[in-house]
2 protein chains.
Amino acid sequence: MADRSAGDGTVGKALEVLDRVAAFGRPVRFTELLEDSPYPKATLYRFVQTLTNQGMLSYDSERQTYAMGIRLVRLAHVAWRQSSLAPMARPHLDALAEEVGETVHLAQLDHAQVLYVDKRNASRPVEMYSSAGKVGPAYCTGVGKVMLAYLDEAVLAPILEQQSFHRFTEHTLTDAEALKAELRAIRQIGYGFDREEHEPGIICVAVPILTAGGRALGALSVTSTTERNSLAGLEKRVSRIQQAARSIAQVSRDWGFPDQHSSNRQVETN
Amino acid sequence: MADRSAGDGTVGKALEVLDRVAAFGRPVRFTELLEDSPYPKATLYRFVQTLTNQGMLSYDSERQTYAMGIRLVRLAHVAWRQSSLAPMARPHLDALAEEVGETVHLAQLDHAQVLYVDKRNASRPVEMYSSAGKVGPAYCTGVGKVMLAYLDEAVLAPILEQQSFHRFTEHTLTDAEALKAELRAIRQIGYGFDREEHEPGIICVAVPILTAGGRALGALSVTSTTERNSLAGLEKRVSRIQQAARSIAQVSRDWGFPDQHSSNRQVETN
DNA sequence: AAACCGAGTTTCAAATAATGGAACTCAAAT
DNA sequence: ATTTGAGTTCCATTATTTGAAACTCGGTTT
């Protein structure tokens, strides 16, 4: 797992603990956290105490477990409104979903992961949060690959380094070379597929949402199953999806959406 | 504004900065933050740097503004799933919303504020996050008052202390005494109203979601307008809403939802 | 053109807080 | 009654944070 916290002192370390709790995805005991923690017991203990006091974690005293705190939901609400494409993209997502009648995803890149910021489910009304905030691997999803394809070489390289390339299905790309070739292909044609690389039977087309400068702000995808549809079938939708992507890019430009997110001015790692 | 960070060292201070950025609700310049900051320039600067490096804030280098970072969305997704009533309440919310045909809210208490964790909008499909993660004042909303009513005196007192009692409408309760009387009335009948106390023309009934021990886990409300409905009209729905609240309480018991959230073992403030 | 300004950034010694090994508590298991 | 182990506290050492002051660098005023 990435060391995002490197060089950010106490605050970075505490936030790393938050991530670890989140990674469990379920309430977790102190000892479980301690097991794969780089910190000694007393130190970890204090972090967890502090985070709990702060409402970033919540403590279930009966079961002696820690879970993610409710304060995060409040903070994320603001984050989602001001740092994601979702609010601006909403009408375009709605229209696209209605027309194509399939599941539509809007995603952005966070660190080296795909973060889904909005979703339309063909059938049922939106399931809140079940999608917004969800993360997935970048190298084996349509939206992920499409966003990676438009990253600067300098930014891409370290991301590829630290990828673990887990083989989810028999179609998963399992090494950096194969992925690089795929990214070149995506840049050629301007869109990409997920050929059952993440889940068997699940396919999708994805297009990037590009700034005037050619950087990918996010990506848009239409997902289907091999039963209902084919890659060729999805490909027919590409121009419609690209139209939506352009509209979203346009609104984001009008609203003056930042071209570069969380510019990491590197602090000496020492 | 409350000093949640009291006594939590560097991490607490940094998180307080996060809250301040969130409070602006829009991208904010460094100087704006500095204005009402208790920290000197260099110190605040380092906090903001660290938080940005950590993805908790994002920096727009063109406009030189900070916004809430996208990492929060990822973390909150987990928080919402594991520390909110929303996932368990979903089917009951759906059913209730369908039956009453009005806007339905599910809320919990965070610190001294109402935090909406889910919502059903009678007319249009759900607006994501526009509701989950939103906060409101506890003293002048139906859900807020109902939850306050079932709080222990010891917990309630300090919350009432630090309330500012802003007068939103001519019906807003504007002092602790009036509120206390209202809370007694709510405990008597087991539900409460919002009588246009927050927004003119907007009324609601709210019921608490109670644990076996009589503590309020959250609250459920049905909202309407004075044009479409009346308090008496809403009151007719109470038993149906209470039924939903009991169902949710039941599921939460079955799932072993913690009875006490983020138990604040007080650290000496010194 | 030179001086000024103010937002943003860096520096560094002093002040403060974090660290972690070890000791302690307490409930459950033997 | 004793052991075990999770959770918690202690405190001298160590490392980080702190913040006044100095610096940078566009842009503006004299």
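Below, read A as the first sequence line, B as the second, and so on, with proteins coming before strands; counting in each chain starts at 1.
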Student: Could you tell me how far apart Tyr59(A) (OH) and dA6(D) (P) are, to the nearest whole angstrom?
Tutor: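 So the OH-P distance, Tyr59(A) to dA6(D), works out to 14 Å.
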
Student: If I take atom CD in residue Glu35(B) and atom P in nucleotide dG6(C), what distance separates them, rounded to the nearest angstrom?
Tutor: 13 Å

Student: Would you tell me whether Gln250(B) and Asp254(B) have side-chain atoms, one donor and one acceptor, within less than 3.5 Å of each other?
Tutor: yes

Student: Just N and O in the side chain of Arg46(A): are any of them under 4.0 Å from OP1 or OP2 of dT19(C)?
Tutor: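 Affirmative; the distance criterion is met.
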
Student: Is there a donor on the side chain of Arg29(B) or the base of dG8(C) sitting less than 3.5 Å from an acceptor on the other?
Tutor: no

Student: Could you say whether Ala42(A) or Glu32(B) is positioned toward the 5' end of DNA chain C, judged by the nucleotide with the nearest heavy atom to each?
Tutor: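 First, find each residue's nearest nucleotide; the 5'-ward one identifies Glu32(B).
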
Student: Rounded to the Å, how far apart are Gln49(A) CD and dA17(C) P?
Tutor: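 After rounding, the reported distance stands at 17 Å.
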
Student: Check the distance between dT17(D)'s C1' and Leu15(B)'s CG and give it to me in whole angstrom.
Tutor: 16 Å

Student: Using the closest heavy atom to pick a nucleotide of DNA chain D for each, name whichever of Thr31(A) or Val11(A) lands nearer the 5' end.
Tutor: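 Comparing both residues, the 5'-ward one is Thr31(A).
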
Student: In this structure, how many angstroms lie between the P atom of dG21(C) and the CG atom of Leu34(A), rounded?
Tutor: 12 Å

Student: Just call it for Thr43(A): base, sugar-phosphate, or nothing, with non-hydrogen atoms closer than 4.0 Å on any strand.
Tutor: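 If one applies the 4.0 Å heavy-atom cut-off, Thr43(A) turns out to touch a base.
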
Student: Let me confirm one number: the CD-CG distance from Gln163(A) to Leu179(A), rounded to the nearest 0.5 Å.
Tutor: 7.5 Å

Student: Can we call the ring centroids of Phe165(A) and Tyr139(A) under 6.0 Å apart?
Tutor: yes

Student: Does the side chain of Tyr45(A) get closer than 4.0 angstrom to OP1 or OP2 of dT9(D) through an N or O atom?
Tutor: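 Answer is yes, contact under 4.0 Å.
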
Student: Donor-acceptor check, side chain of Ser164(A) to backbone of His166(A), threshold 3.5 angstrom: yes or no?
Tutor: no

Student: Looking only at side-chain N and O atoms, does Tyr39(A) offer a donor or acceptor that is under 3.5 Å from a partner on Glu16(A)?
Tutor: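 Yes - a donor-acceptor pair under 3.5 Å links their side chains.
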
Student: So if I take every side-chain heavy atom of Lys13(B) and compare against dT19(C), dT18(D), dG8(C), which nucleotide ends up nearest?
Tutor: dT18(D)

Student: Just how far, in rounded Å, is P of dT9(C) from CZ of Phe47(B)?
Tutor: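 In whole Å, dT9(C) P lies 17 Å from Phe47(B) CZ.
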
Student: Per the atom types in the model, does the base of dG7(D) pair as donor or acceptor with the side chain of Lys41(A) at under 3.5 Å?
Tutor: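 For Lys41(A), whose side chain was compared with the base of dG7(D), there is a donor-acceptor pair (under 3.5 Å).
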
Student: Calculate the interatomic distance between Phe30(B) atom CZ and dT9(C) atom P; express it in whole Å.
Tutor: 8 Å

Student: Please report the distance, rounded to the nearest Å, between CG in Asp60(A) and C1' in dG7(D).
Tutor: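 That distance rounds to 15 Å.
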
Student: Which nucleotide in the set dT8(D), dT9(C), dT17(D) lies at the smallest distance from any side-chain heavy atom of Thr10(B)?
Tutor: dT17(D)

